[in-house]
Participant: 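Below are the structure tokens for one structure; questions will follow.
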2 protein chains.
Amino acid sequence: MFAACLVKRLSLYRRVLGALASPEGWAGGLGSSDGEYVFSHDLASLAGVSAAQVRRDVMTIGYTGSPRRGYDVAGLIGRIGEFLDAPGGQSAVLVGLGHLGKAVLAYVGGRRTGLRIVAGFDVDPAKCGRVIHGCRCHGMEALAEVIAEHGANVGLVAVPGAEAQNVSIQLVRAGVRGLLNFAPVRLQVPEYVFVEDVDITVSLESVAFFARHDAVRRQAMIKEAVR
Amino acid sequence: MFAACLVKRLSLYRRVLGALASPEGWAGGLGSSDGEYVFSHDLASLAGVSAAQVRRDVMTIGYTGSPRRGYDVAGLIGRIGEFLDAPGGQSAVLVGLGHLGKAVLAYVGGRRTGLRIVAGFDVDPAKCGRVIHGCRCHGMEALAEVIAEHGANVGLVAVPGAEAQNVSIQLVRAGVRGLLNFAPVRLQVPEYVFVEDVDITVSLESVAFFARHDAVRRQAMIKEAVR
DNA sequence: GACGAGTTGTGAATGATATCACAGTGTGAA
DNA sequence: TTCACACTGTGATATCATTCACAACTCGTC
Ligand SMILES: NC(=O)c1ccc[n+]([C@@H]2O[C@H](COP(=O)([O-])OP(=O)(O)OC[C@H]3O[C@@H](n4cnc5c(N)ncnc54)[C@H](O)[C@@H]3O)[C@@H](O)[C@H]2O)c1
Ligand SMILES: NC(=O)c1ccc[n+]([C@@H]2O[C@H](COP(=O)([O-])OP(=O)(O)OC[C@H]3O[C@@H](n4cnc5c(N)ncnc54)[C@H](O)[C@@H]3O)[C@@H](O)[C@H]2O)c1
């Protein structure tokens, strides 16, 4: 099926293209790109990938540009949307309204996309019944009902590690088919559930490692030497 | 050089092994693993990878287990530490003490690892001079000085997208060689700087996509049919 | 209208990553 | 002490992802 990395790049392209097309224009000082059209290498440099990668991805989703002019920005955004988004929009719920949960709500709440966070849940009674960053919050007992009501099929897990497995099972039982997991635990779920882990500890240790042994510097040196 | 994904898996193994070795034991009900030794397939299932992958990774870092008994948990943790961690510890700084920045401080602050967040920075005067989640916060004018003082070479970027590029350049000038970037922008930095993006929007859209077209379910069906 | 510069689209080649499969081996049981 | 088993270590292989390289094309220019 479609590779996960392709989907992520498309999501990224779309965001970059949106910035390009926005009234503000783009401060990055891209050589070309008047905002109407964009070349594969410009999009590539904004997205941090190679031009060939961009062209292949565009090809994969069946969009086509024009030689000498590039890709139509609005058209490509549209095509990516057709590919990525659910036709009638999609709903997600967030469990765990602690530090991280609230930060995510603050961030995602303010965006207009095909995907909305329609409800939050927490065991802490102090958080239930309130509206946080524009999102209504409920106690865990309402989980199944609220998910069914909205037809939500995506769940964000921002509870402590010890609770994450338990919470994710509840989400799956209630009909969720995709989990974005922030807890530092690998979730055991049925194989038809897609799980994406955002593991900040792992990312941080990885950065620390490469900040010392920087592979990239060495690679760059090699390339430089060959040239 | 060493692949980024190897490093991430090692970080994950270490955390899983730590849970295994902890006095609490492991609630996961693993078949074997009394906490002293662990089999490749047990570690694999806890980490969500294949047993062969675990064995290969262990081999790569030059550790060796014993047939019929598995890997010595403490010994493997130690070896991973030698491989991943800086001998004398490593310091990081965080820029942007908004929702996300504070959440990260709250989380990472409470952990004892070879990597510490030694300072925070923000333009908002209300946040400077205070201690947030155990971390002293400064104005941006102190950036270079504080980084030099601690010898920090890792930077976490949690400022708004429009500021991220600017901030990351300041960090690199001050000596940072690895960036963990939470802003939805691809940073343009010298090639000797390692950048890891934590892009929640992209992850979320990816989950939403696969929650619908679930590749995994289909793969599972194919495997089932072949069997 | 013809040309040339500069792009796209894409098959083929390469490179990276994960899995297979099995020989080799230490361990506990008898 | 011997044996059989269940596990590790690893070369070979398969799969996945990216890049190369170039033909085909488009458009502005002369
Ligand atoms: N804060 C970060 O930057 C960060 C970074 C990496 C990982 N994480 C992980 O994200 C998760 C949340 O982190 P946090 O900093 O927001 O923690 P937190 O303690 O601030 O918040 C956890 C929230 O979950 C709620 N909760 C606890 N058990 C629950 C349950 N069974 N059902 C529903 N809600 C429940 C709590 O009431 C609390 O509001 C943790 O697993 C943490 O390891 C956080
Ligand atoms: N909150 C989330 O869950 C989330 C998710 C994904 C991405 N992000 C990204 O993370 C970044 C931070 O998000 P947030 O929710 O914490 O935003 P926020 O607005 O709450 O915090 C931003 C902080 O950065 C500070 N700041 C602004 N300009 C600065 C500068 N030039 N130098 C130093 N500090 C500066 C502000 O004073 C503020 O404290 C943003 O880029 C956002 O897009 C956040």
Side-chain angles (χ1 to χ4, degrees), chain A residues 1-13 17 30-34 36-45 47-73 75-76 79 206 210 215-216 218-220 222-223 226-227, chain B residues 1-10 12-13 17 30-34 36-73 75-76 79 206 210 215-216 218-220 222-223 226-227:
Chain A
M1 257 294 77
F2 292 115
C5 47
L6 165 69
V7 171
K8 290 199 180 151
R9 280 195 306 267
L10 288 174
S11 169
L12 177 57
Y13 296 161
L17 290 169
L30 226 15
S32 29
S33 102
D34 53 355
E36 276 287 320
Y37 288 86
V38 67
F39 295 130
S40 62
H41 59 263
D42 291 330
L43 180 49
S45 111
V49 302
S50 74
Q53 183 77 81
V54 167
R55 293 204 297 275
R56 169 130 343 243
D57 289 341
V58 170
M59 193 184 76
T60 306
I61 61 169
Y63 192 74
T64 187
S66 112
R68 191 81 195 193
R69 179 165 290 191
Y71 301 103
D72 178 89
V73 172
L76 183 50
R79 182 70 194 91
S206 169
F210 288 108
V216 188
R218 196 166 302 187
Q219 279 174 16
I222 291 167
K223 272 192 184 169
V226 168
R227 179 167 312 176
Chain B
M1 259 290 78
F2 292 115
C5 49
L6 165 69
V7 171
K8 290 200 181 151
R9 279 195 306 268
L10 288 173
L12 177 57
Y13 296 161
L17 290 168
L30 226 16
S32 27
S33 101
D34 53 355
E36 276 288 322
Y37 288 87
V38 67
F39 295 130
S40 62
H41 59 263
D42 290 332
L43 180 49
S45 109
L46 288 170
V49 303
S50 74
Q53 183 77 79
V54 167
R55 293 203 298 275
R56 165 114 10 225
D57 289 341
V58 170
M59 193 183 76
T60 305
I61 61 170
Y63 193 74
T64 186
S66 114
R68 190 86 193 191
R69 180 167 289 192
Y71 301 104
D72 179 89
V73 172
L76 183 50
R79 183 71 194 92
S206 168
F210 288 109
V216 189
R218 199 167 299 188
Q219 279 175 14
I222 292 167
K223 272 193 182 167
V226 170
R227 180 165 311 174

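Chain letters run A, B, ... following the sequence lines, proteins first and then strands; every chain starts at 1.
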Participant: I want to confirm an ordering. Mapping Ala4(A) and Gly65(B) to their closest nucleotides on DNA chain D, which one lands closer to the 5' end?
Facilitator: Gly65(B)

Participant: Nearest 0.5 Å please: distance from the CZ atom of Phe2(A) over to the OG1 atom of Thr60(A).
Facilitator: 8.0 Å

Participant: Can you tell me the distance, in whole Å, between the CG atom of Asp72(A) and the P atom of dT7(C)?
Facilitator: 17 Å

Participant: Using whole Å, what does the distance between atom C1' of nucleotide dG11(C) and atom CE of Met59(A) come to?
Facilitator: 9 Å

Participant: In whole angstroms, how far is the P atom of dC7(D) from the CG atom of Leu43(B)?
Facilitator: 14 Å

Participant: For the OG atom of Ser206(A) and the CG atom of Leu12(B), what is their distance to the nearest 0.5 Å?
Facilitator: 12.0 Å

Participant: Figure out the OH/C1' separation between Tyr37(A) and dT26(D), and round it to whole Å.
Facilitator: 12 Å

Participant: So, is Thr64(A) near the phosphate of dG9(C), with a side-chain N or O under 4.0 Å from OP1 or OP2?
Facilitator: yes

Participant: To check you understand the geometry: which heavy-atom pair defines the closest contact between Tyr71(A) and Ser40(A), and what is its length?
Facilitator: CE1-CB, 3.9 Å

Participant: Give the rounded distance in Å between these two atoms: CD1 of Ile61(A) and C1' of dG9(C).
Facilitator: 14 Å

Participant: List the protein contact pattern of nucleotides 18-30 of chain C with one symbol per nucleotide (5' to 3'): B for base contact, S for sugar-phosphate-only contact, - for none; contact means a heavy-atom distance under 4.0 Å.
Facilitator: SB-B---BBSS--

Participant: For Tyr13(A), which of Leu76(A), Val58(A), Val49(A) qualifies under side-chain contact (heavy atoms from CB on, under 4.5 Å)?
Facilitator: Val49(A)

Participant: Out of curiosity, Gln53(B) CD to Leu43(B) CG, how far, rounded to the nearest 0.5 Å?
Facilitator: 11.0 Å

Participant: Would you mind reading off the distance between Lys8(A) atom NZ and dA17(D) atom P, rounded to a whole angstrom?
Facilitator: 12 Å

Participant: For His41(A) and dC20(D), what is the distance between atoms NE2 and P respectively, to the nearest whole Å?
Facilitator: 16 Å

Participant: I need the minimum non-hydrogen distance between Asp57(A) and Arg9(A), along with the two atoms involved.
Facilitator: OD2-NE, 2.6 Å

